[in-house]
Structure formats: structure tokens, C-alpha cells
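Reviewing the structure listed below.
Order of the sequence lines sets the chain letters (A, B, ...), proteins ahead of strands, with each chain counted from 1.
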Protein chains: 2
Amino acid sequence: MTEPRWLNADERRAWLALLSINTLLPAALDNQLHTAGKVSLFDYNVMAMLSEAEGRFLPMSQLAARTSSSLSRLSHVVAKLEKRGWLERRPHPRDARVTTAHLSDVGMTTLEALAPGHVETVRTKFLDALTERDIHDLARIGEKIVAGLDDDHWILRDTESRP
Amino acid sequence: MTEPRWLNADERRAWLALLSINTLLPAALDNQLHTAGKVSLFDYNVMAMLSEAEGRFLPMSQLAARTSSSLSRLSHVVAKLEKRGWLERRPHPRDARVTTAHLSDVGMTTLEALAPGHVETVRTKFLDALTERDIHDLARIGEKIVAGLDDDHWILRDTESRP
DNA sequence: AGAGCGTGGTTGAGAGTTCAAGTGACGCAC
DNA sequence: GTGCGTCACTTGAACTCTCAACCACGCTCT
């Protein structure tokens, strides 16, 4: 049992900054989305991921992967969004175990109405503080961290060059 | 009402990576802390911030600032930690409005027992994926983002050079 | 065909978080 | 020294998330 390696100055700065960003940024975005349309950042992302999928639907487990969430969390949220008429759940025709979540037309319209305000907030609260180079570096570093946490995370697919 | 500026490739990569990190990293750390000692990452941070303060106590509002949390959230959590005997609340002697949270000896011991496993997890889940240079860049970029979200955030004090 | 195992998803209970409202105390204006 | 606005919290209710248990289906092996 040896003495643990404590964080040095840069490691500590990086860690504390990430920790703060982690609570402040989602709070700011949640806030904007909630006043704009009683939607959380997570709700928004669920719908956004569906809107980008072929046919605007995905199996629950793939949607969970794309939102980095547990199936349980997703299930509760999809139930809520379904009650609002923005999503619809259907059984998969070939595999009766899987449920697919479909973005409804009303959901799509809602999402489109929310999108401009949301990206604008992403800019003002996040991207505007950075230079083009910062953003490029952050994308690279961020993807490294994601890879360390989940080595076949969906955002790492098709964007990486192959050998 | 002009067309919003959507995200370009790098902006999107940076944003999606941050979003994923944001859910995966705290989950991993919460997990470790919870199995090690039924403590959340936020609980841990509250105690860690107190442990680093002069005299191991801070007014609630300063503690809230240091944990980037709302006073309400903090109040609930401090109540919980107080019930476990790790913290103690005392009225401020000069200003009866303020409550100070003190880390107890038991709390300090608990924190010290948890710390090695926690830093180790911070390393394996986060820092190990990065080079020294990445960490330095991330610290710089991260602090820029924090500054954009809260221009007098505590982590920006004393670490920045002054004019 | 059926036993056993893994997969995909749901559910309910308990823990945690947020939001709005409330309680005192300070401090300044007159 | 009496209002009156602000500050520093606290509280309770509503909502969200997590965790463990559960169900149903598909796959493989015999």
C-alpha cells in the first residue's frame, strides 16, 4: 500500500475546471431550455438524437448509447415525452424484445422551434469563450477522454480515420 | 430573425464530447465513491473543499460557490452529512444570518480514507487518457470556459497573473 | 423440445435535485 | 428608531435519477 500520487498543479486545474463546467454548463442550458419550453437538456438531446437518425427512430438501447444514459433513465424520460405526444414507442417487428422510440411530427416541430435558442445558448455559454484553435484542441482532448471512459462510444465511430 | 449559426464540425465534436464526458465521468466517480463509502461525488467535494479551508469551515454561501452549487442543494446535502456526524453547522458569531459548516474530525478521517481511491479513479478515468500537454491545454481551455460562465469563479482567483 | 443464459426493456421505491415560498437578520434612509 | 429592501439561508413539494428486481424474448446446447 504505497502513497497515492496526488494531483500536480495542472492536473488539479484541469480537474477542478472540468468539475465546475460540469455543473455550470448543463445548469445554464437546462435553464434556457426550461424557460423556452419546459424541456431539460437531456430531453432535448433525446429528441435531437432521434431527429438525426434514419427514419427518426431508434431502438431504446441505441438511443441510450447516443445519450450516454442508462436504459432505466431513458425509459422514464421517454415515457414522459410520450405523454406529451412528442415521441411514440413501437414494438420492433422482427425482435419482440426491442422497443423503438419514434419522434412524432409534433415532436419534430417542437424540436425545430427550440433549436435556434439552444444553439445560440451553446455559443454564448460555451463556444464564444474559445478561439477556433481552442475548440479544435478541446474536440481532440475531449474525444480522448471519452475513449478512455468508453472505448467504443458512438461519437468515436466514422469520425476517426481508419488504418 | 435571421437563420441561426449552426455548429461546424469541430464545434459539434467539442460539444458532443463535452456532453458525453459530462454524464460518463461523474457517473464513474460517483460509482467508485459510492461503493467505497456510500458517498456521492458532490458529497465528497463538499468535504474536500472544507478540508482545504482555513480552520476547516466555511460559510454556506462560500461553500456553495466552491462547489458550484445552489444554496438549496447545499443545504439539503449539508443536513444529510451533518446527520452522519461528518459536518457541523454553527451560527456565525458576528452575523446571525450566516451559518458556517465545519468539517468534524470524524469527517476529516472519513475523507482521508476515501481520498486515495478517489484520486486514483480520477487518474484512471480521466487523466491517464491524456498527455502532459493535453492536461495543460485542457486546464487553460477549461478555465476560459469557466470564466465565460461565471467571471469571478473562485478557481480563477490567485491562480491568474495580475496586470 | 426444453433448460439455461444473455439481452432489451420496464417498473417501483428510495435518494437526490430543483423551484418557489418563507424566515429572520442586517443596514440604510428618513 | 422605524420602515423597507436585501442577504443568507431553510423548507417542503414536485420532479428526476438510480438501483435492484423483474419480465419477456431469443439463442444455444443437448
Side-chain angles (χ1 to χ4, degrees), chain A residues 22-46 50 57-84 87-102, chain B residues 22-47 57-84 87-102:
Chain A
N22 208 305
T23 63
L24 296 175
L25 231 199
L29 290 157
D30 264 329
N31 216 327
Q32 186 272 323
L33 283 170
H34 206 274
T35 67
K38 293 184 188 301
V39 174
S40 74
L41 177 58
F42 185 72
D43 298 342
Y44 181 92
N45 264 326
V46 166
L50 284 178
F57 69 90
L58 284 173
M60 292 293 280
S61 41
Q62 286 192 40
L63 187 52
R66 277 182 169 62
T67 53
S68 303
S69 87
S70 68
L71 220 28
S72 170
R73 180 184 185 184
L74 182 64
S75 187
H76 285 293
V77 168
V78 165
K80 180 187 73 175
L81 297 178
E82 196 174 23
K83 250 177 244 157
R84 297 189 191 170
L87 260 59
E88 203 183 326
R89 271 192 272 210
R90 301 190 201 147
H92 190 287
R94 306 197 162 280
D95 187 339
R97 286 172 305 180
V98 347
T99 309
T100 51
H102 298 246
Chain B
N22 209 307
T23 63
L24 297 175
L25 230 200
L29 289 158
D30 263 329
N31 215 327
Q32 187 270 323
L33 284 170
H34 207 275
T35 67
K38 294 186 187 304
V39 174
S40 74
L41 177 57
F42 185 72
D43 297 342
Y44 181 92
N45 264 327
V46 166
M47 298 205 287
F57 68 90
L58 283 173
M60 292 293 280
S61 41
Q62 285 192 39
L63 187 52
R66 276 182 169 63
T67 53
S68 303
S69 87
S70 68
L71 220 30
S72 170
R73 180 185 185 185
L74 183 64
S75 188
H76 284 293
V77 168
V78 165
K80 181 187 72 177
L81 297 178
E82 196 174 22
K83 250 177 244 156
R84 296 189 191 171
L87 261 58
E88 204 183 325
R89 270 192 273 210
R90 301 191 201 144
H92 190 287
R94 307 199 161 277
D95 187 339
R97 287 172 302 180
V98 350
T99 310
T100 51
H102 298 247

How close do [X] and [Y] get, heavy atom to heavy atom, and via which atoms?
X        : Y       : value
B/Thr100 : B/His92 : CG2-CD2, 4.2 Å
A/Leu87  : A/Glu82 : O-CG, 3.4 Å
A/Met60  : A/Ser75 : CE-CA, 3.8 Å
A/Ala64  : A/Leu71 : CB-CD1, 4.0 Å
B/Thr23  : A/Ser68 : OG1-CB, 3.1 Å

Return all side-chain donor-acceptor pairs below 3.5 angstrom for residues 35-42 of chain A, not counting sequence neighbours, or 'none' if the list is empty.
{"unit_1": "A/Thr35", "atom_1": "OG1", "unit_2": "A/Gln32", "atom_2": "O", "d": "3.1"}
{"unit_1": "A/Ser40", "atom_1": "OG", "unit_2": "A/Phe42", "atom_2": "N", "d": "3.4"}
{"unit_1": "A/Ser40", "atom_1": "OG", "unit_2": "A/Asp43", "atom_2": "N", "d": "3.0"}
{"unit_1": "A/Ser40", "atom_1": "OG", "unit_2": "A/Asp43", "atom_2": "OD1", "d": "3.2"}
{"unit_1": "A/Ser40", "atom_1": "OG", "unit_2": "A/Asp43", "atom_2": "OD2", "d": "3.2"}

In whole Å, I'd like the distance from the [atom1] atom of [X] to the [atom2] atom of [N].
X       : N      : atom1 : atom2 : answer
A/Asp30 : C/dG16 : CG    : P     : 20 Å
A/Leu63 : C/dG9  : CG    : P     : 10 Å
B/Leu24 : D/dT18 : CG    : P     : 11 Å
A/Asp43 : C/dT17 : CG    : C1'   : 15 Å
B/Arg84 : C/dA15 : CZ    : C1'   : 10 Å
A/Phe42 : D/dC17 : CZ    : P     : 7 Å
A/Asn45 : D/dC17 : CG    : P     : 12 Å
A/Leu41 : C/dT17 : CG    : P     : 17 Å

Closest to the 5' end of DNA chain C, once A/Gln62 and A/Ala27 are matched to their nearest nucleotides, is A/Gln62
Could you please name the option among D/dA8, D/dT16, D/dC9 that lies closest to any side-chain atom of B/Arg97? D/dA8
Please determine if a side-chain N or O atom of [X] lies less than 4.0 Å away from the OP1 or OP2 oxygen of [N].
X       : N      : value
A/Arg89 : C/dG9  : no
B/Ser40 : C/dA15 : no
B/Lys80 : C/dG16 : yes

Near-strand residues of residues 32-39 of chain A, defined as heavy-atom separation under 4.0 angstrom from DNA chain D: none
So, with a heavy-atom separation below 4.0 Å from DNA chain D, the residues of residues 71-79 of chain A are A/Ser72, A/Arg73, A/His76, A/Val77
Drop me the distance from [X]'s [atom1] to [Y]'s [atom2], to the nearest 0.5 angstrom.
X       : Y       : atom1 : atom2 : result
A/His34 : A/Asn31 : NE2   : CG    : 9.0 Å
B/Leu74 : B/Leu63 : CG    : CG    : 4.5 Å
A/Leu50 : A/Arg66 : CG    : CZ    : 9.5 Å

Which is true for B/Asp95 with a 4.0 Å heavy-atom rule: it touches a base, it touches only sugar-phosphate, or it touches nothing? sugar-phosphate
